[in-house]
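What follows is a short report on a single structure.
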Amino acid sequence: MPSKTDRLGRGLDALIPTDVEEFMSEDAPEEVRHSTRSVIDVDASVIVPNPNQPRGEFSDDELRDLSESIKAYGIVQPLIVSKKGEGYQLIAGERRLRAAKLAGLKQVPVIVRSFSEQEGLEVALIENVQRADLKPLEKAAAYSKLVNEFNLKVYEIARRVGKAQPTVSNTMRLLSLDKGVKGALADGRLSEGQARAILGVGDDPLLQRQLLARVVNRTMTVREIEDLARTYKSNPDKPTAAAKAKKDQTTELTKDLGKRLRAKVFIKPTAKGGRLTIEYTSEDQLQKIYKQIIGE
């Protein structure tokens, strides 16, 4: 069972679209819904880059950020590799591989495909994206898969599917919607335009849910939602989900520590960390607190 800190700190759905499949229609193409191979773990040291594929540029800051995320949550999106001799050759996921090594991971999750299988799947996936009956979240998942599993850039996807680059980018942004908003989009309570307008408040799931509650109870145009989103985002009195989670975590830590020490405990965040204050009413209580802290 995850610890309290794990539950408070994850926020994973805001970063990675792990729950898109449950909003897929049953007739969505298999190439869109699932990977065609099971995931296995292999040693990171036996994966070599593809010499025929030009490497992208990876900033040190981005790699460090991804490395910290991998330390906390692992690699959610597997790498794509092909068998090569005793090891594997990378097809897609070099940024994730570098960050995993930076995080000290010895093994990484991979899907093994041949290059011909990869090319065939890419063609099938692009053909399916061009289907008129594919739903917005299904298109977003497909675009995301083309980026993460096929190393395509957004402008390359746009050219291949015959869409404008901003259209592809905006559709992919639907994956950062809160789960409840995704559900409303999937079941038709929201149009794609309305869902994108809700993203005007940013990736904060709390603000997205608050705005969704206003939108589904009224008939609102996309322009009206955009205006309302700007109001929500600019209102400093509305706490963000991240700030609320941090406050909840601090409150829980304060209560737990107070119970353990049998004393009043105060935690005050500061610019460089915070201040922990423990109150005691007698020397005897101080000695008991001291023994609790050192483990006697």
Side-chain angles (χ1 to χ4, degrees), residues 1-2 6-7 9-50 53 55-56 58 62-63 65-126 128-129 137-153 157 172 174-176 179 182:
M1 178 177 290
D6 289 338
R7 293 198 303 269
R10 284 190 71 84
L12 188 57
D13 285 346
L15 299 174
I16 303 170
T18 57
D19 62 350
V20 172
E21 283 80 4
E22 69 181 271
F23 299 112
M24 296 284 189
S25 58
E26 291 185 1
D27 59 348
E30 187 68 18
E31 293 85 357
V32 177
R33 296 186 65 177
H34 304 293
S35 296
T36 58
R37 286 284 191 275
S38 58
V39 179
I40 62 173
D41 291 328
V42 303
D43 291 340
S45 60
V46 300
I47 302 176
V48 298
N50 178 5
Q53 189 171 32
R55 293 186 180 185
F58 309 100
E62 287 182 352
L63 285 177
D65 289 345
L66 182 55
S67 174
E68 290 302 315
S69 175
I70 288 173
K71 285 180 183 178
Y73 310 121
I75 300 178
V76 178
Q77 179 69 49
L79 286 65
I80 310 298
V81 299
S82 65
K83 197 75 177 74
K84 184 176 177 63
E86 297 299 316
Y88 300 89
Q89 183 169 299
L90 191 67
I91 296 178
E94 184 168 353
R95 181 169 168 267
R96 277 163 280 159
L97 179 61
R98 290 191 182 193
K101 290 180 177 178
L102 188 62
L105 267 63
K106 301 300 182 184
Q107 290 194 319
V108 293
V110 304
I111 295 172
V112 183
R113 296 185 188 138
S114 69
F115 281 96
S116 59
E117 286 176 322
Q118 183 79 351
E119 291 172 354
L121 280 170
E122 180 183 324
V123 170
L125 188 53
I126 289 173
N128 279 319
V129 172
L137 282 172
E138 293 168 351
K139 285 186 180 180
Y143 292 154
S144 177
K145 186 168 287 192
L146 286 168
V147 170
N148 290 316
E149 292 191 20
F150 297 87
N151 267 359
L152 293 183
K153 306 294 184 185
I157 297 171
M172 288 181 66
L174 296 175
L175 297 177
S176 62
K179 186 175 180 178
K182 286 177 183 172

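One-based numbering along the sequence shown. All values below were derived from every heavy atom in this structure, side-chain atoms included, with hydrogens, water molecules and symmetry-related copies excluded.
Residue Ile157 holds its CD1 atom at 12.5 Å from NZ of Lys145, rounded to the nearest 0.5 Å. Between the OG atom of Ser67 and the CZ atom of Arg98 there is a distance of 13.5 Å, given to the nearest 0.5 Å. Rounded to the nearest 0.5 angstrom, Leu97 CG and Ile75 CD1 are separated by 7.5 Å. Atoms CD1 and CD, from Ile80 and Gln118 in turn, are 6.0 Å apart once rounded to the nearest 0.5 Å. In this structure, Leu121 CG and Ser114 OG are separated by 9.0 Å, a value rounded to the nearest 0.5 Å. Distance check, rounded to the nearest 0.5 Å: CG of Leu146 to CG of Leu125 gives 4.0 Å.
Here the closest non-hydrogen pair linking Lys83 and Val112 is N-CG1, 4.2 Å. Heavy atoms only, all atoms of each residue included: Met172 and Ala140 are closest at CA-CB, 4.3 Å. Glu149 and Arg113 get closest at one heavy-atom pair: OE1-NH2, 2.9 Å. Nearest heavy atoms, Leu63 versus Leu102: O-CD2, 3.9 Å. Of all the heavy atoms in Phe150 and Ala92, the pair that sits closest is N-CB, 4.1 Å.
Applying the salt bridge (Lys or Arg N to Asp or Glu O under 4.0 Å) criterion to Glu68, with sequence neighbours excluded, gives Lys71. The side-chain hydrogen bond (donor to acceptor under 3.5 Å, both in side chains) search around Asp65 returns none, not counting sequence neighbours. Under the salt bridge (Lys or Arg N to Asp or Glu O under 4.0 Å) criterion, Lys84 pairs with no residue at all, not counting sequence neighbours.
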Note to self: Would Val46 and Glu86 count as a side-chain contact (heavy atoms from CB on, under 4.5 Å) here? Give the steps.
What the structure shows: CA-CA 8 Å; Val46 300; Glu86 297 299 316; over 6 Å; no
Next item on the list: Go through Ile91 and Asn151 one step at a time and tell me if the side-chain contact (heavy atoms from CB on, under 4.5 Å) criterion holds.
Entry: CA-CA 8 Å; Ile91 296 178; Asn151 267 359; over 6 Å; no
Next item on the list: Apply the test side-chain contact (heavy atoms from CB on, under 4.5 Å) to residues Val147 and Leu152: give CA-CA distance (whole Å), side-chain angles for both, the deciding distance (0.1 Å), then the verdict.
Entry: CA-CA 5 Å; Val147 170; Leu152 293 183; 5.6 Å; no
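Put simply, the side chain of Lys182 gets close to the backbone of Leu175: a donor and an acceptor are under 3.5 Å apart. Remark: the backbone N or O of Ile70 is not paired with any side-chain donor or acceptor of Arg96 at under 3.5 angstrom.
Proximity of Asp41 to Pro109: side-chain heavy atoms (C-beta onward) are separated by under 4.5 Å at one or more points.
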